[in-house]
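What follows is a single structure, written as structure tokens, with notes after it.
Please read these numbers as outputs of a predicted model, since none were measured by experiment. Positions are given from 1 along the sequence.
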Amino acid sequence: MTTTFTPAFDINRSGTTPALGRELRLRRLFAADGRTVTVALDQAVPRGVAPRLANIGPTFDSIADGEPDAVTITKGLAGPLFGGRATPMPWILKASMFSVEFHPTYDATIGTVHDAIRLGADAVAVGISAGSSNQVAMFEMLTKVVEEAHTWGLPVVCHAYPSGELWGDRKGSTESVLYASRAAAELGTDIVKTWYTGSTAEFAKVVEGTPAIVVAAGGAPAPSPLDVLKQAASVVEAGGHGMTAGRNIWQAADPAKMVNALKAVIHGGDAPEVAAKLLD
């Protein structure tokens, strides 16, 4: 399946409205083919400070060498990582956060739309835990962020995960992922980042049922880099607009090579086995 990027707005009719800013910022996050390889560096708070995140400077330098389409970070990392860099990089401000150990189904607000604009971000991202006892609060938070962000021409990314305890054994099913993704889209989200559902056919159901740009989360550490590349190929075949990966990139032996391999699959259309040769 060929992915065609359909902008949220026709730029030729945006004039001087916020729609113009929103469209331009969206385009910065995606390559000309409408797909993205985004690296997530926001895992220290939700999952703990892994060695590569503790030593964030060299880790980021290696990722930057691979030239991803964008990165997702928190506001406290913006200055240390971007300040003084010769080449700007498109980035997404992560403005809410859960914690696996302490509040797994509640995304606390840790940033604002104003922060994103003030710091030069290209989008603001917040998360929802669909199917949790906190779902109502998360929906209300997302609604407010969308309203304010769109007023100022800023795109919104929603990390829409069916991580709630009320799903029971349905958590992670295509049904639950589609529900989370569709809810985020219906609340006005521009880009939905959600769980991969295990196969091209199943993820296609999520993409087809979500009236927004859909990208897949990289997920838990994969058994091998080839598995990550196979997932990326499946996402694109299903009609997804790419992938936002964290641990499967910055924990790789060479993060820059992993970024390049993912770009070869997502942008270049290479078979995963061919792209994997870039890791040698």
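Side-chain polar atoms of Q43 and W250 form a donor-acceptor pair below 3.5 angstrom. Under 3.5 Å, the side chains of D227 and S224 contain a donor-acceptor pair of N or O atoms. Checking S129 against N134 by side-chain atom types alone, no donor-acceptor pair falls below 3.5 Å. There is a side-chain donor-acceptor pair under 3.5 Å between Y196 and S234. Under the 3.5 Å distance criterion, with hydrogens and angles disregarded, no donor-acceptor pair is assigned to the side chains of H159 and D107. For the residue pair T109 / S96, no side-chain donor-acceptor distance below 3.5 Å is found, with atom types taken as modelled.
Clustering ILVMFWY residues whenever any of their side-chain heavy atoms sit less than 4.5 angstrom apart, transitively, puts M89 in the very cluster that holds I63. Hydrophobic clustering of Ile, Leu, Val, Met, Phe, Trp and Tyr side chains at less than 4.5 Å, counting indirect connections, unites Y106 with F139. Cluster membership for M97 and L81, using ILVMFWY side-chain heavy atoms within less than 4.5 angstrom, is not shared. Both V124 and M138 are part of a single hydrophobic cluster, where members link through side-chain heavy atoms under 4.5 Å apart. Both V259 and L77 are assigned to one and the same hydrophobic cluster, defined by single-linkage of ILVMFWY side chains at heavy-atom distances under 4.5 Å.
Partners of A271 by side chain to side chain contact (heavy atoms under 4.5 Å, CB included), not counting sequence neighbours, listed by chain and number: E273, V274. Among residues two or more places apart in sequence or in another chain, the salt bridge (Lys or Arg N to Asp or Glu O under 4.0 Å) test is passed with D115 by K75, R118.
Between I128 and Q135, the closest side-chain pair of non-hydrogen atoms is not below 4.5 Å. Looking only at side-chain heavy atoms (C-beta outward), L41 and I56 come within less than 4.5 Å of each other. In this structure the side chain of E67 reaches within 4.5 angstrom of the side chain of K263, judged on heavy atoms. Looking only at side-chain heavy atoms (C-beta outward), I110 and T74 come within less than 4.5 Å of each other. Annotation: side chain of K193 is not in contact with side chain of C158 (no heavy-atom distance under 4.5 Å). Between T72 and V39 there is no side-chain heavy-atom pair separated by less than 4.5 Å. The shortest distance between side-chain heavy atoms of D190 and R22 falls below 4.5 Å. T151 is not listed as a side-chain neighbour of P18, based on a closest heavy-atom distance of 4.5 Å or more.
Residues V156 and A149 come closest through the heavy atom pair CG2-CB, 3.5 Å. Between E175 and R170, the shortest heavy-atom contact is OE2-NH1, 2.9 Å. Residues G218 and N248 approach most closely at O-ND2, 3.3 Å, considering heavy atoms. Nearest heavy-atom pair, P162 versus K171, reported as atom, atom and distance to 0.1 Å: O-CG, 3.0 Å.
Not less than 6.0 angstrom separates the ring centroid of W195 from the ring centroid of F203.
A donor-acceptor pair under 3.5 Å is absent between the side-chain atoms of R27 and the main chain of A32, judged by distance alone. Judged by distance alone, the side chain of W167 and the main-chain N or O of A130 form a donor-acceptor pair under 3.5 Å. T189 contributes no side-chain N or O that, together with a main-chain N or O of I191, makes up a donor-acceptor pair within less than 3.5 Å. With hydrogens and angles ignored, the 3.5 Å screen pairs no side-chain donor or acceptor of D69 with any backbone N or O of T38. The backbone N or O of L178 lies less than 3.5 Å from no partner atom in the side chain of S181, so there is not a single donor-acceptor pair. Between the side chain of N55 and the backbone N or O of P51 there is no donor-acceptor pair closer than 3.5 Å.
Heavy-atom neighbours of D169 CG from other residues, nucleotides or ligands within 6.0 Å: at or below the threshold of 12. Within a 6.0 Å sphere centred on CD of E165, heavy atoms belonging to other residues, nucleotides or ligands number more than 12.
Look at R47 and D42 and you find no salt bridge, because none of the NZ, NE, NH1 or NH2 atoms lies under 4.0 Å from a carboxylate O. A salt bridge does not link D122 with R25: every distance from a Lys NZ or Arg NE/NH1/NH2 to an Asp or Glu carboxylate oxygen is 4.0 Å or more. One finds a salt bridge joining R182 and E186 here, because a Lys/Arg side-chain nitrogen approaches an Asp/Glu carboxylate oxygen to under 4.0 Å. With respect to K205 and E202, a salt bridge is recorded, a charged nitrogen being found less than 4.0 Å from a carboxylate O.
Summarising the geometry, atom CG belonging to D270 is positioned 7.0 Å from atom CG belonging to L278; distances are rounded to the nearest 0.5 Å. Atoms CD and CG, on E140 and L142 in that order, are 11.0 Å from each other to the nearest 0.5 Å. Considering CZ of F82 and CG of L119, their distance stands at 10.0 Å, rounded to 0.5 Å. For the atom pair OG1 of T143 and CD of E148, the computed distance is 13.0 Å after rounding to the nearest 0.5 Å. Here T59 contributes atom OG1 and L53 contributes atom CG; the two are 6.5 Å apart, rounded to the nearest 0.5 Å. To the nearest 0.5 Å, atoms OG1 (T36) and CD1 (I92) are separated by 7.0 Å.
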### Message
Would L229 and L262 count as a side-chain contact (heavy atoms from CB on, under 4.5 Å) here? Give the steps.
### Response
CA-CA 6 Å; L229 300 176; L262 279 168; 3.8 Å; yes
### Pair R85-F60, side-chain contact (heavy atoms from CB on, under 4.5 Å): steps then yes or no
CA-CA 12 Å; R85 292 191 70 88; F60 181 75; 3.6 Å; yes
### Task
Before giving the answer on side-chain contact (heavy atoms from CB on, under 4.5 Å), spell out for T105 and Y161 the whole-Å C-alpha distance, their side-chain angles and the decisive distance to 0.1 Å.
CA-CA 10 Å; T105 65; Y161 304 147; over 6 Å; no
### Task
Using the side-chain contact (heavy atoms from CB on, under 4.5 Å) rule, take V215 and V192 through it: C-alpha gap first, then chi angles, then the decisive distance, then the call.
CA-CA 6 Å; V215 300; V192 175; over 6 Å; no
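In this structure, H241 and F30 have perpendicular ring planes: the angle between them is above 60°, well past the 30° mark.
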